There are 2 protein chains.
Amino acid sequence: MTELATTGTDLPRLRELNSLSIVRALRDHPPSTVTELSQRTGLSRPAVDVIAQGLVTDGWATVLEPGASSAVGRPARRYQFRAGAGYVVGVDVGVHKILALLADLDGNIVQSVRQSVAAEAAPAERLAVLDAVLDACVAGAGKSPGDIWAVTAAVTGAVDAAGRTSFFTPLPGWKSVDLAGHLGGRFSCPIVVENDCKLAALAERWKGAATDADDIVYLLGGMRNGAGLIIDGVLRRGFGGAAGEIGALKHVRWLNAPSHLQNCPGVPDTVSPDDAAAWVFNAARQGDKAARGAVNRYVKDLAVGAAALVLTLDPQVVVFGGGFSRSADLVLDPLRHELQRLCLRMPEVRASTLGADSVALGALKLSLNEVDTRLFSAGLSAPVAPRRH
Amino acid sequence: MTELATTGTDLPRLRELNSLSIVRALRDHPPSTVTELSQRTGLSRPAVDVIAQGLVTDGWATVLEPGASSAVGRPARRYQFRAGAGYVVGVDVGVHKILALLADLDGNIVQSVRQSVAAEAAPAERLAVLDAVLDACVAGAGKSPGDIWAVTAAVTGAVDAAGRTSFFTPLPGWKSVDLAGHLGGRFSCPIVVENDCKLAALAERWKGAATDADDIVYLLGGMRNGAGLIIDGVLRRGFGGAAGEIGALKHVRWLNAPSHLQNCPGVPDTVSPDDAAAWVFNAARQGDKAARGAVNRYVKDLAVGAAALVLTLDPQVVVFGGGFSRSADLVLDPLRHELQRLCLRMPEVRASTLGADSVALGALKLSLNEVDTRLFSAGLSAPVAPRRH
DNA sequence: ACGATTTTGTAAAGATCAAAGCGTATTGCG
DNA sequence: CGCAATACGCTTTGATCTTTACAAAATCGT
């Protein structure tokens, strides 16, 4: 919706405003003619024309000279947002793997590099792998760190305003790591560190299971449960970055929930503890009684925490994601049944469509949002990588 | 901060934008000179001058001719927001009483009318009292219904988007009442119906215990517990209006919490059930062992629900309000202790400073917000009461 | 008491920007 | 090949804000 400046607006500012609205109209649509932009923005054709030319000279847009024309009349020049003006990075610093994505300003993924890392790796080793992955990702796309406009890193555990994970993190020795500071030494652009569940929620809203919703509770189902909250279309961190950490409440037996799967009777000794859950899901799918019971107990405990979130926020959609979302076919129906029993107003319950890459994808999206915020608040002059404040 | 129009902006719109910024600058400050406004908005003095004169002719502002001057130089004309251009109403349709407040656009309360009503009164009777209170309030201020720009009514229970309380309400027969429709027959301005806890939260942020916070959990402590959530400075209703209804979760023994007070041993038979809680608080304050135990059990159960809200949202402040907030001295410290035990990051815990009138005050504030939204999105032409869409 | 100083009010000039109108270029169709 | 339709580019016009300048009103200093 349209908003207003708390401060007065003069003519140059007006032009900047209109330039921004043209940029928006360009970005959300395929290459457009001046008349299309004119209709879309409400501005007159001559105005759009001169602004568009200005955007081209500034490097924000490119022109496509008319080729084969399909319509009648003189073929129109088409303007196109220059997505390659800048690039953003999102990286998932996970327990078992590190995955980096590099995309242009349209969000088209240009490069993706993944490398596994030992769960018990020390911080220094993990950071070294992270650096290698980022180097490979940036270099592989033929870019340099100066071309990157924003970097977001996803970590496990509550992230405070300073980018620290002081409260809790399953990564050994990670509490004292200043990840933002480390990345700041390698990139001069804004750096964001954020919780993995929250970023996965963002990804599901971006191009996942909840693109239509503004109020979303994302459940990360895995060996550790977590949650990410999107309220009124915006990712909510809470005052101290600890929003969604309902698992800390003992009355909600959320921490115990995965243990039902891990300790399920009948799991062969040949199966490692990490793979036990997958084995149980498979067995349940094939009718194993003990496995079905374990899954049901898991869902029952999961549902209590989910219900607490749902009752607090009354969301439109609950998305079940994380490692266990591959077995969503076994989880969703009992989860719905339990929520129906526990909640006042029943939300939709959907399975994640993004799988395990959702965290890195959400990090990418947060980087894009960061660029957007800078762009649309600071105004556009010439496209250069923003520097940290 | 600043903004951006998704649509293009032309010159007339520019002047409207600047007019609005002048209105804002006028409203948040005492009567101002042109130079003050110029500095505040960044506009030039002549521009402010012509805009201010336009606002006066349109009825949005009044001029104060210079009287005794304190500073050197020629005394300046002062402009003032005409708060009397319109009025808003907030009314609390409570179980035991109905309280209506009428204020001008600055939020100055002009009239307040209260009338008690039997808890078991049928809907028709309650609506009749409501009408009488509203008539007395509007007439007592020397206004007519056409002068009212927005009306907000507070009710108990979850309110859906249509203004119905279908899920739950303690008022007998109230589920089938169309309160918005009823009020719509008496006022032509926008009508809002909202949950009482949510409105009380709004009031505490407006002029209560949490004016400095943007992330607030408001606990309504009384014979029925409730909650209102303010996230990022905005009152959150949830997708279906049922946000904050954590009491519905059985694992959170919130519904039982007040019963510890009501069923406390030692309460004389002469004390009515409604007054039992007050008696217990008094006894506890004087050292009665049984009473102290009851209060502690009450707080312990209250804290579980509060912890669920706090862990979900990670707010800056928890405000304890409602009928029991008069005994906040007994509640706050044990509540803090319990929350410390249950939560990850400890929020501030404060007592309500508004008491029982907070609900009506919050309704008034929501009416003011409604007017603001219309004003700053639809633009200002001449000050007239907005009509329902 | 009178002039200097400071601040306000107002008017005119200059600059910027978008809208409206009109002529021209290019293509498709008959 | 000519006509119609569409798009492009230019000019004029109108609206708005800023700058500059100057007159008016009040206080301060001598």
Side-chain angles (χ1 to χ4, degrees), chain A residues 2 4-5 7-23 25 31-58 61 63-80 379-381, chain B residues 2 5 7-22 25 31-58 61 63-80 379-381:
Chain A
T2 149
L4 7 117
T7 172
T9 308
D10 56 354
L11 283 314
R13 174 82 184 135
L14 175 65
R15 150 146 280 193
E16 193 171 298
L17 238 50
N18 283 342
S19 296
L20 283 172
S21 89
I22 297 280
V23 167
S32 313
T33 67
V34 172
T35 32
E36 284 169 1
L37 290 172
S38 164
Q39 290 165 0
R40 222 175 280 151
T41 58
L43 267 55
S44 75
R45 211 166 27 125
V48 174
D49 192 65
V50 39
I51 289 176
Q53 285 176 16
L55 289 176
V56 170
T57 62
D58 281 351
V63 283
L64 274 64
E65 287 305 333
S69 68
S70 58
V72 300
R74 175 174 174 175
R77 207 171 13 224
R78 288 182 176 275
Y79 289 90
Q80 182 177 244
L380 39 80
S381 44
Chain B
T2 78
T7 172
T9 309
D10 55 355
L11 283 315
R13 174 80 185 140
L14 175 64
R15 203 192 71 195
E16 193 171 302
L17 238 49
N18 283 340
S19 296
L20 283 171
S21 87
I22 298 280
S32 314
T33 68
V34 172
T35 32
E36 286 168 359
L37 289 172
S38 165
Q39 289 165 0
R40 224 173 278 151
T41 58
L43 268 52
S44 72
R45 209 156 38 105
V48 173
D49 192 66
V50 38
I51 290 175
Q53 285 177 16
L55 289 176
V56 170
T57 63
D58 281 351
V63 283
L64 274 66
E65 287 303 333
S69 67
S70 58
V72 303
R74 175 174 175 171
R77 220 184 346 239
R78 289 183 176 273
Y79 289 89
Q80 181 176 241
L380 39 80
S381 46

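A, B, ... follow the sequence lines: proteins, then strands. Residue 1 opens every chain. Values below: all heavy atoms of this structure, side chains included; hydrogens, waters and symmetry mates excluded. The model shown is predicted, which means the values in this text are computed figures rather than measured ones.
The Asp10(B) side chain lies nearest to dA19(C) when the options are dC22(C), dC17(C), dA19(C). Relative to the side chain of Pro46(B), the nucleotides dC8(D), dT8(C), dT18(D) differ in distance, and dT18(D) lies closest. In this structure, the nucleotide among dT8(C), dC8(D), dT18(D) sitting nearest to the side chain of Ala76(B) is dT8(C). Which of dT10(C), dT18(D), dA7(D) sits closest to the side chain of Arg45(B) comes down to dT10(C).
Contact check, Arg15(B) against dA15(D): no side-chain N or O comes under 4.0 Å of OP1 or OP2. Between Thr35(B) and dT8(C), a side-chain N or O to OP1/OP2 separation shorter than 4.0 Å is present. Contact annotation: Asn18(A) side-chain N/O to dA18(C) OP1/OP2 distance is under 4.0 Å.
Among the atoms of the strands shown, only primed sugar atoms or phosphate atoms (P, OP1, OP2) are found under 4.0 Å from some heavy atom of Arg77(B). Note on Glu16(B): nothing from the nucleic acid sits closer than 4.0 angstrom, heavy atoms only. Thr33(A) comes within 4.0 angstrom of nothing in the nucleic acid, heavy atoms only.
Between the side chain of Ser38(B) and the backbone N or O of Leu43(B), at least one donor-acceptor pair lies under 3.5 Å. At least one donor-acceptor pair under 3.5 Å links the side chain of Ser19(A) to the backbone N or O of Arg15(A).
Separating the CZ atom of Arg13(A) from the C1' atom of dT18(D) is a distance of 17 Å, rounded to the nearest angstrom. Straight-line distance from the CD1 atom of Ile22(A) to the P atom of dC17(C): 14 Å, rounded to whole Å. The CG-C1' distance, from Leu43(A) to dA20(C), rounds to 14 Å in whole Å.
Below the 3.5 angstrom threshold, one finds no donor paired with an acceptor across the side chain of Arg74(B) and the base of dT7(C).
Checked against Gln80(A) for a side chain to side chain contact (heavy atoms under 4.5 Å, CB included), the options Val56(A), Leu64(A), Val63(A) give a single hit: Leu64(A).
A distance of 12.0 Å separates CG in Leu17(B) from CG in Leu11(B), rounded to the nearest 0.5 Å. How far CG of Asp49(A) is from OG1 of Thr35(A): 10.5 Å, rounded to the nearest 0.5 Å.
DNA chain C is contacted by both Leu11(B) and Gln53(B); Gln53(B) maps to the nucleotide lying nearer its 5′ end (nearest heavy atom per residue).
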